[in-house]
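So the structure is just underneath, and the comments pick up after that.
FYI, side chains are in, hydrogens and waters are out, and symmetry mates aren't considered; it's all heavy atoms of this structure. All ligand and atom numbering here is 1-based and tracks the order in the structure. We're numbering straight along the sequence, starting at 1.
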Amino acid sequence: MRAIARAGPNIALIKYWGKSDSAKNLPAVGSISVTLDDLFTEMRVELDDGLDGDILEVNGERRDELRRRVSACLDNVLGPSRCRARVSSHSNFPIAAGLASSASSFAALVVAAAAAGGQDSSRGDLARLAGRASGSAARSLYGGLVELSLAGDGIVVETLLGEREWPLRIVAAVTDTAAKPVGSSEAMEISRRTSPFYSRWIEEQAADLAVARDAIGARDFPALAAVAEHNCLKMHSLMWTSRPPVVYWNSVTLACLARIRSLQEDGVAVFFTMDAGPQVKAICLPDDEARVREALRTVDGVQAVHACGIGCGAALVGGA
Ligand code: PMV
């Protein structure tokens with residue numbers, strides 16, 4: 001009746017933006033991501049039929065305002081007549097800071113909840129359940145470089161390259177830790193309804209995915225860099241051309257991009273990506289990590305820099 005699971009966040013290199021079915025939280029496009037090591041969320045789920053309602057603690061504090069999403073996820077994993085649960089979550093990195101804590105949280109939650117409920121679910125089923133809570137969470141069930149594809153009226157997730165097959169490093173520059181002005185689900189809907197570029201985004205995604213998949217297979221860093229930066233800027237262009245516009249960037253975000261461009265001009269193998277927030281993630285090869293870290297750390301306004309490698313998928317870490 002009790003289990004603990006751990007999952008790392010993931011960063012998309014080819015982005016998910018837009019839903020084909022909001023009720024089922026189905027993405028309109030496939031995506032490719034990298035699961036991070038070092039950063040993790042640990043979820044402890046204890047089922048207790050003596051409880052009247054679910055209890056959620058995040059990093060030691062009751063967070064009733066976040067409980068509804070957690071309860072809905074537990075209903076999906078364990079069924080609506082499940083017993084209530086005491087859920088506690090610990091992350092070793094700042095949550096709500098644009099470092100994909102919802103992906104690590106829901107990936108760990110489905111693994112812990114299924115184990116606490118004695119269910120023997122496949123990794124694919126758990127990924128689909130996590131994806132109903134947060135589209136990107138489905139990818140954190142898998143380690144390495146991961147692709148989420150659309151299949152029929154659902155999703156399939158798989159590892160393209162295992163965590164030890166290409167030692168990329170990810171350096172994240174935190175430019176602002178304030179809560180997002182608009183959440184990703186709402187922002188995606190605004191883009192779907194109003195951006196004149198939305199249909200083109202959907203049309204081109206298969207080609208971007210194919211280029212990235214091939215680049216990953218060949219460990220071709222420049223090819224992956226080019227398509228990942230293009231895909232990221234295309235996603236943010238959708239946001240900017242929405243009505244009302246959704247702009248997550250700030251001036252420090254732009255300063256980080258300029259710094260990465262000058263590193264590239266100096267011959268450093270590095271590229272950037274950004275998600276629904278103002279943080280900049282730089283992907284590089286291990287030999288260049290120290291230089292990239294230092295370059296981003298010294299951008300005026302950068303509050304913190306976190307560096308990590310590629311990690312494994314969500315897993316149980318204990319039953320108590
Ligand atoms: O999983 P969500 O609903 O938080 O959406 C994530 C969307 C992006 O992070 C912007 C892109 C992605 O593929 O992770």
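Closest to atom 2 (P) of ligand 1 by heavy atom, among Ser102, Cys232, Ser184, Ser33, is Ser184. Atom 12 (C) of ligand 1 has its nearest heavy-atom neighbour, among Lys15, Lys180, Arg139, in Arg139.
Cation-pi contact between Arg6 and Phe40: present, with separation from the ring centre below 6.0 Å and deviation from the ring axis of at most 45°.
By the ring pair (Phe, Tyr, Trp, His ring centres under 6.0 Å) test, His90 pairs with no residue at all, sequence neighbours left out.
In this structure, Phe221 has its ring center under 6.0 Å from that of Phe271.
Side-chain N or O atoms of Lys15 include one that pairs as donor or acceptor with a backbone N or O of Met274 at under 3.5 Å.
Checked by distance only, ligand 1 and Ser31 stay at 3.5 Å or farther apart across all their nitrogen or oxygen atoms. Considering backbone and side-chain atoms alike, Ser134 places an N or O below 3.5 Å from some N or O of ligand 1. For ligand 1, the polar-atom distance check finds an N/O of Gly135 within less than 3.5 Å of one of the ligand's N/O atoms.
Ranking protein heavy atoms by distance to atom 5 (O) of ligand 1, first place goes to Met188 CE, 3.4 Å. The nearest heavy-atom contact from the protein to atom 1 (O) of ligand 1 is Ser136 OG, 2.6 Å. Atom 11 (C) of ligand 1 has Tyr16 O, 3.3 Å as its closest protein atom, hydrogens excluded (heavy atom only).
Close approach to Trp17 involves these atoms of ligand 1, each under 4.0 Å from a residue heavy atom: 10 (C). Interface atoms of ligand 1 facing Ala276, defined by a heavy-atom separation under 4.0 Å, are 10 (C). Using a 4.0 Å cut-off to heavy atoms of Ala12, the atoms of ligand 1 that qualify are 12 (C), 13 (O), 14 (O).
The only member of Val45, Val111, Val317 that meets side-chain contact (heavy atoms from CB on, under 4.5 Å) when paired with Ile4 is Val317. Of the residues Arg139, Lys24, Arg128, the one that meets the side-chain contact (heavy atoms from CB on, under 4.5 Å) test with Ile155 is Arg128.
In terms of heavy-atom proximity, Ser140 sits nearest to Ser104 at OG-N, 4.3 Å.
Below 30°, between 30° and 60°, or above 60°: for Trp249 and Trp240 the angle between ring planes is above 60°, a perpendicular geometry.
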